[in-house]
Amino acid sequence: MTKTEEPHDLPAQYDPGQTERAVYERWVDAGVFAADEKRSNRNGGDREPFVVIMPPPNVTAVLHMGHGLNNTVQDVIVRWRRMAGDETLWVPGTDHAGIATQNIVEKQLAAEGKTKSDLGRDAFIERTVAFVEETGGEILRQLRAIGASADWNRTAYTFSPELSGAVREAFVQLHERGLIYRGHRVIHWCPRCLTSLSDEEAEHNEETGNLYTILYEVADRADGVSHLAVATTRPETMLGDVALAVHPDDERYNQLVGREVLIPITNIRIPIIADEYVDPAFGTGIVKITPAHDPNDFEVGRRHKLPMPVIMAPNGTMTNGADADERVPPDLLGIDRFEARERIVRSLEKTKQLHSVKPHQHAVRHCYRCDTVVEPRLSDQWFVKMQPLAKPALEAVRDGTTRILPERWEAVYVHWLENIRDWNISRQLWWGHRIPVWYCDKCDKQIVSRTDVAACESCGGSVRRDEDVLDTWFSSWLFPISTLGWPDKSAAPLVAFYPTDDLITAPEILFFWVSRMIMAGYAFMGAAPFHTVYLHGTVRDMNHVKMSKSLGNGIDPLDVVNSYGADALRYTVIAGMGMGADLMLDHRDLERSFAPGRNFATKLWNIGRFLLTNVGTSPVRSVDELGDDELTLADQWILGRLNATIIEADAALGPPRPAKGKWRREERYSGLRLSEFAEAARRFVWNDLADWYLETTKGRIGASGSDGEVARAILTHVFDYALRLLHPIMPFITETLWQRLPFPVAADRCEFLATAPWPIGEPASTTEKDAIARFDIVREAVSAVRQIRSDYAIAPGKSIDVVVQSRANAPLFSDHARLIGQLSRSSVHVGAPKSDAAAAHSLVSDGSEIIVALGGIVDVGKECGKLRGELEQLEMQLDTLSKRLRNEGFISRAPANVVESERRKEEEWIKRRGQLAAKVKTLCGG
RNA sequence: GGGCGAGUAGCUCAGUUGGUUAGAGCGCCUGCCUUACACGCAGGAUGUCGGGGGUUCGAGUCCCUCCUCGCCCACCA
């Protein structure tokens, strides 16, 4: 048949580039992804809502495989629920990403030889806004290319006027509730970004540094003690020392408490104090106290009311800051902290006050945005009091209101919340939500306000606004509520769609984002924002190194889409990723990496071509009107397998939501096994439908008469449902094929597969189970013949005679001899074989024997060897089995059904042994 | 320092509450352009389930121990 004669317009090769974009546009134009508040049953509608909030990528981000994986997972779940009939909403958005974005713009300025101070605050913000307008949101456009079915009408941005309003409201509310306060303490400071960081933003890094032991000279020498040795990893902070501390019970030193020592180099006198914080077992048991540059020392300093001199500038150079007087010697002023460390060490060497230098393993904190070593720094910052917020968030996970998958992350979450510390939310940046606090110049009043303040409310004096902005995460933690209309609690989207359902993200932001969202959900809405947190793995290369653009081991998802299609990308990612496991891909060999998806897409395409070529385009009969007596065994089998596959798929996907608000024990950690779902669907399509059922229809389907019509109807129905099951994973190709199916005229069909009803599985009936079992016997017979053909290298074209000597199922083989012959390219007879001719034998599990006449084809000797080997192996296995069945313990302790099945097996094997032995005797002569 | 996870075929990984002869994809070998598909079809090979010990009638699965990786958390200077 030439191409023009084919009754369809499918090209021989699937070309994703040509079809995907057009299909996507049709979905968008038809509003397939748009959710409607009015249809939610929380808002008078008749549908259960299903809502997913997209983790907003940074507005400046460019799509990488991490986004590809994250959004594919979300889209699979969202498309599944949409087909299942939920009012499904997937809210997309971007994050203004304070530090990250500001850093990029600053870098651009630097390239122009400018700094942000050259522009000034307003001009800098203007420039950043322009930059975001120009390039921002590119990633959301890219997400469309991988098929993301988000409701683009609701695209959110953490810096939009609406969301900014929510941020300000949240700040003011928490302040009113006494949960936001201004604190003077040592925080993490990035000397490069010139801002404070939260504890989470200062990442630990295990490093080998030095532990320097420095000798402090005791002032007013008495009792022979002239020097005290003090260990430190940061000698440069010595300049800010205000005391040495020892443990009050440390008998080596406690008589020195109250005496004074001299700081080396500067010879400033500082006291020796006693504090329980000191661990006598570490180092020398004496600690230098630098309150302004170490959080612990700060606490000690507070307890002992010590001064807190600042000896470092914000950019990490040495300076005489607050309360420092002339502590930093002139020759160190303006010197970088690490250079200063070197110089001080050299000076100490000269004065013989450096006792020792030892390599030392310790954790050093780095800025999560620029990797600069963070400096502890005394400053005024805004904090959120976290313990009250953490309480309900902790309870939510403990009582099953919110579950975290995989289960192991729940312990991590609980541990973090139990030990939570206050959240530093102020940043010394320009790009971000400015803190809504004003200070009166005259009376020093502090005004926290929902609206901008022009003058002091008590004295009428002029006011100035706090210079700082809020941590980016202070806007993202509101995302599930702010995107739906909060603070307007009666906003239709909030009523219809809050709480949401699943949150799908990477474990890296469990603390940054997920747990804070849960806290915000309780703080502002009194309810958890979602009932399921699904934490997926990381995309890595073949050396298990996390993919990243800077390392050059990344994969651009758009390259994959261009080469193999979005469906190939999606299938590969979903099928290859176990629950919570990392995904390894080879960035140097995209073809190999994405072969599973590409191959499967091609397979689907070709099944579609076969179907449309052979079934044609005229409507088929509806399966509902087919009588049982019209169905062949193969028809019954494939329908049974379809039903079983639907059940498997549903089991893998699990319950979409907790039945009564809280997860029941048995359901809590079930579901969302997306790779199992993918595998069940693939197995059905490829191994059942394509490999077997489709082959059985060849010859039937072209024939005129009712059986051909039945085959057309079943094939179409089964493929229709297979496409439905696969649509969440491979939306484009399934929609494209589905649009062309010759549906029954009466079928109540919808316009798009994307909104077609999700298949409903039914418990398998006995006739169904029986059909599956019987067709499996037929398949076994076919495989047996194929194996013999292969074993004896019988040319594919060569016709052979096969005899089935049926022990149990005579009618089965009589009825299907022709089919077995067709599938195994042989001529099959049922009955007795011609006597004593050389033949190959194979046993079917129902006890029947497949006999292939080998006269003139192969040598008998080889066959005998094979038979003997088979017999020997069977005897060994039978021996083990029989021993077990004679074991008292097994009989008494094993479940009855296990014992029973083992008994049956033994009988079967004994029968086989008899048959095999007889064969060996007749063929090989004893 | 504390906690968690992993170690199963050459590679990436599944293996549900212990229960037939441990699976899949990719790769590999053999034979096939069988009129949907060579991105395919048919057949095949490959595993002391990290080591050792234990519980059990029965262990990849449970317990102990050791080894090797990885991740998270952490104020020992």
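As a basis for the values below, the full set of heavy atoms in this structure was taken, side chains included, without hydrogen atoms, waters or symmetry mates. Numbered from 1 within each chain, the chains take letters A, B, ... in sequence-line order.
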Please list, chain by chain and in numerical order, all residues satisfying salt bridge (charged side-chain N to carboxylate O under 4.0 Å, His left out) with [X], sequence neighbours excluded.
X	answer
A:Glu410	A:Arg668
A:Lys546	A:Glu508
A:Asp586	A:Arg588

Look at all strands and tell whether [X] reaches a base, only sugar-phosphate, or nothing, counting heavy atoms closer than 4.0 Å.
X	result
A:Met577	nothing
A:Thr602	base
A:Trp686	sugar-phosphate
A:Leu583	nothing
A:Gln13	base
A:Asp691	sugar-phosphate
A:Arg598	base

Measure centre to centre between the rings of A:Tyr368 and A:Phe512, then say whether the value is under 6.0 Å.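 Ring centroids of A:Tyr368 and A:Phe512 are less than 6.0 Å from each other.
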For this session: Verify the distance criterion only: is there a donor paired with an acceptor across the side chains of A:His188 and A:Asp199 at less than 3.5 Å?
Result: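 Yes - a donor-acceptor pair under 3.5 Å links their side chains.
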Can you tell me if the side-chain N/O atoms of [X] get under 4.0 Å from OP1 or OP2 in [N]?
X	N	result
A:Lys603	B:C41	yes
A:Lys698	B:A36	yes
A:Gln787	B:G44	yes

Report the distance from atom [atom1] of [X] to atom [atom2] of [N], rounded to the nearest whole Å.
X	N	atom1	atom2	result
A:Leu405	B:G5	CG	P	15 Å
A:Arg540	B:G70	CZ	C1'	8 Å
A:Leu689	B:C41	CG	C1'	16 Å
A:Asn614	B:C37	CG	C1'	13 Å

In whole angstrom, give me the gap between the [atom1] atoms of [N] and [M].
N	M	atom1	value
B:A36	B:U48	C1'	45 Å
B:G27	B:C64	C1'	39 Å
B:C41	B:U35	C1'	14 Å
B:C66	B:G23	P	34 Å
B:C13	B:G2	P	29 Å
B:G18	B:C63	P	11 Å
B:U46	B:G53	C1'	29 Å
B:C76	B:G1	P	12 Å

Counting heavy atoms from C-beta on, name the nucleotide in [options] closest to the side chain of [X].
X	options	value
A:Asn599	B:C13, B:U34, B:G40	B:G40
A:Ile607	B:U21, B:A36, B:G44	B:A36
A:Arg408	B:C4, B:U34, B:G40	B:C4
A:Ser783	B:C26, B:A42, B:G43	B:G43

Base-pair string, RNA chain B, Watson-Crick plus G-U, cut-off 3.5 Å on both distances, | for inter-strand, is (((((((..((((.....[...)))).(((((.......))))).....(((((..]....))))))))))))....
- Query: 5'-most contact on RNA chain B: A:Ala411 or A:Phe600, nearest heavy atom basis?
  - Reply: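 The residue whose closest nucleotide sits nearer the 5' end is A:Ala411.
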Q: Check if the side chain of A:Glu695 and the base of B:A36 share a donor-acceptor pair of N or O atoms closer than 3.5 Å.
A: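 A donor-acceptor contact between them is present.
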Report yes if some heavy atom in the side chain of A:Arg789 is under 4.5 Å from a heavy atom in the side chain of A:Arg825; otherwise report no.
->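 Sidechains of A:Arg825 and A:Arg789: in contact.
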message: If you define the side chain from C-beta out and look only at heavy atoms, does anything of A:Leu583 sit under 4.5 Å from A:Leu585?
response: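 Sidechains of A:Leu585 and A:Leu583: in contact.
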Practice task
Answer yes or no: is there a donor N or O on one side and an acceptor on the other, between the side chain of A:Asp688 and the main chain of A:Tyr693, under 3.5 Å?
Solution key: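 It does not hold such a pair.
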Heavy-atom donor-acceptor pair, A:Ser826 side chain to A:Ser824 backbone, under 3.5 Å: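 Yes, the answer is positive, given that a donor and an acceptor are paired below the 3.5 Å cut-off.
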For residues 600-608 of chain A, please give each side-chain donor-acceptor pair under 3.5 Å, one per line with the distance, not counting sequence neighbours.
from: A:Thr602; atom 1: OG1; to: A:Arg598; atom 2: O; distance (Å): 2.9
from: A:Trp605; atom 1: NE1; to: A:Pro11; atom 2: O; distance (Å): 2.8
from: A:Asn606; atom 1: OD1; to: A:Arg609; atom 2: NH1; distance (Å): 3.0
from: A:Asn606; atom 1: ND2; to: A:Thr602; atom 2: O; distance (Å): 2.9

Expected string for nucleotides 72-77 of chain B under the B/S/- scheme (protein heavy atoms, under 4.0 Å, primed atoms plus P, OP1, OP2 as sugar-phosphate) is SSBBBB
Both conditions, 6.0 Å and 45 degrees, for the charged tip of A:Arg185 above the ring of A:Trp423: are they met here?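 Not flagged: A:Arg185 not positioned over aromatic ring of A:Trp423.
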